[in-house]
Amino acid sequence: MIRILSGAAALLLCVAGTRAETLGFAGSVTWFGQVPIMVAIDKGFFKEQGVDIEYQVILNSSDRLASVDAGSSAFSNLGRSSVIPAMARGDTSFFYFANVDDSPGIEGCWARPGIASIKDLRGKKVAANTSAEITLSGLLDTQNMSEKDIDYLNLGPTEMAPALAKGDIEAACVWQPLLDGLKKAAPDGRLLGLDTDTTTYQKFGTMASPDIVIISRKLVEQHPEQARGIALGMLKGADYTLSNPEDTAKTVAHYFRKTPEEVLAGMKPLKFFGTKDWQEHMKLHTAQMQYLAQWLYDNKKIPSVPDVAKWENTNFMPKQ
């Protein structure tokens with residue numbers, strides 16, 4: 001069952017002091033990183049663990065976080081650039097416990113003709129947004145530059161291609177498939193770099209701001225068996241995605257309203273992570289989140305640097 005919710009509508013579903021038989025997962029239907037949870041629902045992997053999960057379509061990461069905060073959703077897979085500011089505000093209503101998808105190499109910066117390198121961006125108008133701003137910062141850093149050296153614009157992702165085509169900006173940084181749209185907008189332009197060219201990738205092997213899976217703190221503390229069921233079902237979904245990509249794409253195609261072939265093509269650039277070596281994998285992502293928290297603070301995006309490990313809880317995860 002799929003339920004489409006706005007952020008405001010999601011908050012209204014919370015009923016204090018009650019526990020619904022069906023638990024909600026807050027996710028999008030525009031990002032293939034949600035595939036492991038989708039296939040786990042449709043293949044019955046959560047039900048095998050005694051939990052019934054409903055897919056709640058909430059497109060914005062901040063709205064998904066708000067839904068988990070309110071108790072309307074039990075867990076979510078969302079951008080950590082929304083989670084870390086919540087930590088900095090002292091929000092203790094959630095834990096993070098897993099990372100099931102990453103996609104280094106799908107985010108980059110494209111420039112109009114005449115801009116041949118990152119150095120050429122000095123003094124030029126450059127657009128980016130959310131995680132792509134972090135990628136831009138990383139690429140600038142490789143040339144001992146920062147956002148102070150460019151005329152930075154925070155532009156909506158879908159606004160970038162028209163602005164680039166008209167010459168309102170000289171370059172833009174965004175993720176796929178919108179990056180391909182930039183190439184079409186300035187076909188004689190140049191790719192200046194990808195997130196795989198940044199220090200973040202060199203240190204952690206991840207994209208600038210990967211997804212992270214969060215879960216309601218109240219659920220973990222009051223119903224640890226449900227939290228464990230969620231973790232086991234989700235990891236089985238990720239394992240299945242890795243071992244059976246074609247059937248996975250066929251199974252989840254209805255969420256995206258695309259053909260299985262289109263979904264499979266969309267899945268290919270992503271990396272998925274399941275049961276294997278999950279503990280070492282989480283050590284890496286905790287370190288990356290702390291690194292990102294410092295970047296957000298240094299760039300005045302958050303008021304303080306949280307100790308992100310205080311929000312980690314894997315006690316209900318399978319032991320290795």
Side-chain angles (χ1 to χ4, degrees), residues 1-5 22-49 51-61 64 73-80 98-108 131 157-158 174-181 183-184 194-196 205-207 209-213 229-278 281 285:
M1 182 178 182
I2 306 173
R3 189 186 304 180
I4 301 176
L5 300 171
T22 300
L23 301 175
F25 168 77
S28 75
V29 287
T30 60
W31 175 239
F32 295 109
Q34 309 288 9
V35 164
I37 295 93
M38 293 170 170
V39 77
I41 291 173
D42 285 22
K43 290 291 184 181
F45 298 156
F46 290 114
K47 287 186 177 179
E48 289 174 2
Q49 300 299 326
V51 288
D52 187 18
I53 302 298
E54 175 187 64
Y55 200 101
Q56 300 169 324
V57 179
I58 304 176
L59 298 180
N60 187 283
S61 283
R64 283 179 237 160
S73 303
F75 70 120
S76 181
N77 186 34
L78 69 168
R80 62 189 63 183
N99 165 264
V100 293
D101 73 282
D102 199 357
S103 49
I106 73 161
E107 199 166 73
S131 65
T158 58
V174 75
W175 48 88
Q176 291 287 24
L178 296 176
L179 181 58
D180 284 339
K183 297 175 183 180
K184 292 177 182 177
L194 298 169
D195 56 2
T196 48
T206 71
M207 65 184 303
S209 180
D211 287 337
I212 196 72
V213 186
I230 286 172
L232 291 173
M234 183 187 68
L235 290 178
K236 186 171 181 178
D239 290 342
Y240 192 86
T241 299
L242 287 164
S243 59
N244 301 277
E246 291 84 5
D247 187 60
T248 296
K250 181 180 178 180
T251 301
V252 305
H254 68 98
Y255 286 96
F256 300 100
R257 298 185 179 180
K258 295 180 180 292
T259 67
E261 293 76 19
E262 289 173 323
V263 173
L264 185 61
M267 289 166 51
K268 281 185 177 178
L270 275 75
K271 295 181 178 180
F272 296 102
F273 305 93
T275 308
K276 183 180 178 182
D277 299 328
W278 72 260
H281 185 66
H285 278 268

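Here the structure is a predicted model, which is why all the values come from computation and not from measurement. Residues: numbered from 1 along the sequence shown.
Residues that satisfy the side chain to side chain contact (heavy atoms under 4.5 Å, CB included) test with Thr158, not counting sequence neighbours, are absent from this structure. A search for side chain to side chain donor-acceptor pair (under 3.5 Å) contacts involving Trp175 returns nothing, not counting sequence neighbours. Every side chain to side chain donor-acceptor pair (under 3.5 Å) that Glu107 has, sequence neighbours left out, goes to Ser131, Thr135. With sequence neighbours excluded, the residues satisfying ring pair (Phe, Tyr, Trp, His ring centres under 6.0 Å) with Phe45 are Tyr240. Residues forming a side chain to side chain contact (heavy atoms under 4.5 Å, CB included) with Asp239 (at least two apart in sequence, or on another chain): Thr275. By the side chain to side chain contact (heavy atoms under 4.5 Å, CB included) test, Glu246 pairs with Leu264, sequence neighbours left out. Remark: Lys183 engages Asp180 in a salt bridge (charged side-chain N to carboxylate O under 4.0 Å, His left out) (not counting sequence neighbours). Qualifying side chain to side chain contact (heavy atoms under 4.5 Å, CB included) partners for Lys271, counting only residues two or more places apart in sequence or in other chains: Pro104, Phe273. With sequence neighbours left out, the side chain to side chain donor-acceptor pair (under 3.5 Å) criterion links Lys258 to no other residue. When the side chain to side chain donor-acceptor pair (under 3.5 Å) test is applied to Asp195, no partner is found at least two apart in sequence or on another chain.
The shortest heavy-atom contact between Ala249 and Pro260 is CB-O, 3.5 Å. Across Ile230 and Ala74, no two heavy atoms sit closer than the pair CD1-CB, 4.2 Å. For the residue pair Ala40 and Gly233, the shortest heavy atom distance occurs at CB-O, 3.4 Å. Nearest approach of Thr259 to Ala253, heavy atoms of both residues: C-CB, 4.1 Å.
Although no hydrogens or angles enter the test, the distance criterion places no donor-acceptor pair under 3.5 Å between the side chain of Ser76 and the main chain of Arg64.
For the residue pair Gln56 / Ser73, a side-chain donor-acceptor distance below 3.5 Å is found, with atom types taken as modelled.
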Please tabulate, for the side chains in residues 24-38, all donor-acceptor contacts under 3.5 angstrom to protein atoms that are two or more places apart in sequence or on a different chain.
from  : atom 1 : to     : atom 2 : distance (Å)
Trp31 : NE1    : Asp101 : OD2    : 3.3
Trp31 : NE1    : Asp211 : OD2    : 2.8
Gln34 : OE1    : Asn77  : ND2    : 3.3
Gln34 : NE2    : Asn77  : O      : 3.1

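In this structure the side chain of Gln49 never reaches within 4.5 angstrom of the side chain of Lys236, judged on heavy atoms.
Here salt bridge (charged side-chain N to carboxylate O under 4.0 Å, His left out) pairs that include residues 31-45, with residues two or more places apart or in two chains, are Lys43-Asp247.
Between atom CG of residue Leu194 and atom CG of residue Leu179 there is a gap of 7.0 Å, rounded to the nearest 0.5 Å.
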